[in-house]
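Notes follow once the structure below has been shown.
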There are 2 protein chains.
Amino acid sequence: METRELRYFVAVAEELHFGRAAQRLGIAQPPLSRTISQLERRLGAVLLERTSRTVSLTEAGAVLLREARAALDAVEAAERRTRRAALAASGRAGAVLASKAGASSELLAKLLDSYAAEPDAVTIEVLLCGIGEQERLLRDGRADVALLHLPFDATAGLDTEELCTERQVAILPAGHPLTGRPHVHMAEVTGLPDLPMPRWPGRDGKYPDGPGPQARDHAQLLQLIALGRACWIAPESCRAQLRDDLVAVPVLDAPTVTTVIAWPPHSRSRAVAGLVRTATRL
Amino acid sequence: METRELRYFVAVAEELHFGRAAQRLGIAQPPLSRTISQLERRLGAVLLERTSRTVSLTEAGAVLLREARAALDAVEAAERRTRRAALAASGRAGAVLASKAGASSELLAKLLDSYAAEPDAVTIEVLLCGIGEQERLLRDGRADVALLHLPFDATAGLDTEELCTERQVAILPAGHPLTGRPHVHMAEVTGLPDLPMPRWPGRDGKYPDGPGPQARDHAQLLQLIALGRACWIAPESCRAQLRDDLVAVPVLDAPTVTTVIAWPPHSRSRAVAGLVRTATRL
DNA sequence: GCCCAGCGATACCGCAGGGGTATCGATCCC
DNA sequence: GGGATCGATACCCCTGCGGTATCGCTGGGC
């Protein structure tokens, strides 16, 4: 199977429409139809059920969609990592570290400082990204290593080392009645009708249903809390970055957050190994 | 990048010889040279250092070799799993489970029995394989799920669930002085000059250096022990399969062995999910 | 020191196959 | 029933992959 065939199939499987898929791929519809038929013949499996009005995935097609995405990610990763290795050899950027924007910035700063002091340190490019994006970045080679936060991020298929564990705090607008308390419980925070939890967009860019306001990033989130429209629960290390108009109160029964450093299991380059070693020594 | 290019590159990178690589690929040498040059030009990276006598990998080439193998495994897995899904849909085999030959056969039997009793059970094909082979089988799609034994097998890049933990026993020939003891310590077993540990072939098929006799599989191993030429340390569940001329003695300070069920993280099919669920309930 | 063997690169050719246009056949909607 | 929509088919062109012949370089043998 060639990656071209996989790319074509993924396009059709996602669009469920040969015409649109062909447009997306920048080719005409007939060669696309032909390629898919060839793929089906070679695999000995019907991948798509076509009536002349609708296209739908068969069981085997669903499997191939899942597997093809993974395989294409791996191919893309190979390409990106090779390019990066060539740059590294010629003295340019060494590795890319992905971290959630706004999270654990002090840990990140300490890590980068300590690593830079290592004798064989290379340049580390930092890629700040959205929630849950790190796994994809690692899989398709845009990043070599990432900081994840359990239990929020999935670590399936990644190698990890634990770095630190911390409790969580509730972020509330200054002046809210609860801010006078030395600590609170989950139920007291999640049950506030006037301060619901904001909703985050999922991977598809859509917001889940619910009562809370919509927030796209950290700045919006903090703004919403300051405006008295929402509250939030976050690792206590975020206290260092809090604005004056926000107050953090420890939540006694919130799950603790563990920050881990993660990398794709088979690709432990010198730069990644050095970063991991430095991180575990912090 | 097309898989054809990756296959070609891997062949050259492994042979470090264009002629032999071309032969292995079943093509002539010139198109191979051309394809590699094109690949290098497109990546903007020198992958191979050629003098007219020798070929060697550059840094970037080593990275691509590693990544290309992973990517090709993923593509192969996509192909195999799709074929299998098509067969499953037409009522044939449902999933392939890999397990070390001769290991934890009672657990395996219980698992297969319990799973078969599930309402939505499909046919499970069992693939008995050699030491350390399971990871590769899972990665390239020849197997969907495997039984692994920690700390011997690597679980990097796999999702796992623990099934059971057991102590280890020393396997000795009947009549050996230590067989009268209720238990022994590691040092007493590993230090026996007359009963060294057998050597196993690695992934490359070669035997490591050392004093012990060479063994290729379980039967040979047991035969060697019965002959008084070797001893072995194994999980205690293997007692059930022991021949009369062998004796198992608990080893107090041997590391415990944990059997886990493992599967590739992104591909949790219905059959795999069912097997895992059944296994954790045992 | 010269020549030959071995190896990768280059030049050139033929054709399989990937991509394009035109069109057909089927289905849904008004 | 006619038009619109969509995937499949027929046919053509040309890219690009693979083949053969050959070159250029290098190391080793005499």
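A, B, ... follow the sequence lines: proteins, then strands. Residue 1 opens every chain. Just so you know, these numbers come straight off a predicted model, no measurement behind them.
In this structure, B:Glu5 atom CD and D:dG16 atom P are separated by 12 Å, rounded to whole Å. Atom CD of A:Glu49 and atom C1' of D:dG7 are 14 Å apart (whole Å). Rounding to whole angstrom units, CD1 of residue A:Ile27 and P of D:dG7 are separated by 13 Å. Going from atom CG of A:Leu25 over to atom P of C:dG19 covers 10 Å, rounded to whole Å. Distance A:Ile36 CD1 to C:dG18 C1': 14 Å, rounded to the nearest Å. Separating the CG atom of A:Leu48 from the C1' atom of D:dG7 is a distance of 11 Å, rounded to the nearest angstrom. In this entry the distance linking CG of B:Leu32 with P of D:dT20 reads 15 Å, nearest Å. We find that CD of A:Glu15 is positioned 11 Å from P of D:dG7, with the value rounded to whole Å.
When the side chain to side chain donor-acceptor pair (under 3.5 Å) test is applied to A:Arg229, no partner is found at least two apart in sequence or on another chain. Residues that satisfy the side-chain contact (heavy atoms from CB on, under 4.5 Å) test with A:Ser269, not counting sequence neighbours, are A:Ala271, A:Val272. Judged as a side-chain contact (heavy atoms from CB on, under 4.5 Å), and not counting sequence neighbours, the contacts of B:Glu5 are B:Met1, B:Glu2, B:Thr35, B:Leu39, B:Arg42.
Shortest non-hydrogen contact noted between A:Ala60 and B:Ala85 is CA-CB, 3.9 Å. Across A:Arg139 and A:Ala70, no two heavy atoms sit closer than the pair NH1-CA, 4.3 Å.
With axes fitted over five pairs at each extremity, the angle between the ends of the helix from C:dG1-D:dC30 to C:dC30-D:dG1 is 20° (10° resolution).
Here the CD-NZ distance, from A:Glu133 to A:Lys100, works out to 10.5 Å after rounding to the nearest 0.5 Å.
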| task | Apply salt bridge (Lys or Arg N to Asp or Glu O under 4.0 Å) to the pair A:Glu76 and A:Arg7, showing each step before the final yes or no. | result | CA-CA 12 Å; A:Glu76 246 184 291; A:Arg7 275 192 298 270; over 6 Å; no
Do any side-chain atoms of residues 140-148 of chain A form donor-acceptor pairs under 3.5 angstrom with protein atoms, and if so which ones, sequence neighbours left out?
{"unit_1": "A:Asp140", "atom_1": "OD1", "unit_2": "A:Arg142", "atom_2": "N", "d": "3.2"}
{"unit_1": "A:Asp140", "atom_1": "OD1", "unit_2": "A:Arg142", "atom_2": "NE", "d": "3.2"}
{"unit_1": "A:Asp140", "atom_1": "OD2", "unit_2": "A:Arg142", "atom_2": "NE", "d": "3.1"}
{"unit_1": "A:Asp140", "atom_1": "OD2", "unit_2": "A:Arg142", "atom_2": "NH2", "d": "2.9"}
{"unit_1": "A:Asp144", "atom_1": "OD1", "unit_2": "A:Arg81", "atom_2": "NE", "d": "3.4"}
{"unit_1": "A:Asp144", "atom_1": "OD1", "unit_2": "A:Arg84", "atom_2": "NH1", "d": "2.8"}
{"unit_1": "A:Asp144", "atom_1": "OD2", "unit_2": "A:Arg84", "atom_2": "NH1", "d": "2.5"}
{"unit_1": "A:Asp144", "atom_1": "OD2", "unit_2": "A:Val96", "atom_2": "N", "d": "2.9"}

| field | Heavy-atom protein contacts under 4.0 Å, nucleotides 5-17 of chain C, coded B base, S sugar-phosphate only, - none | value | -BSBBB-------
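Within 6.0 Å of CD on A:Glu15 lie more than 12 heavy atoms contributed by other residues, nucleotides or ligands.
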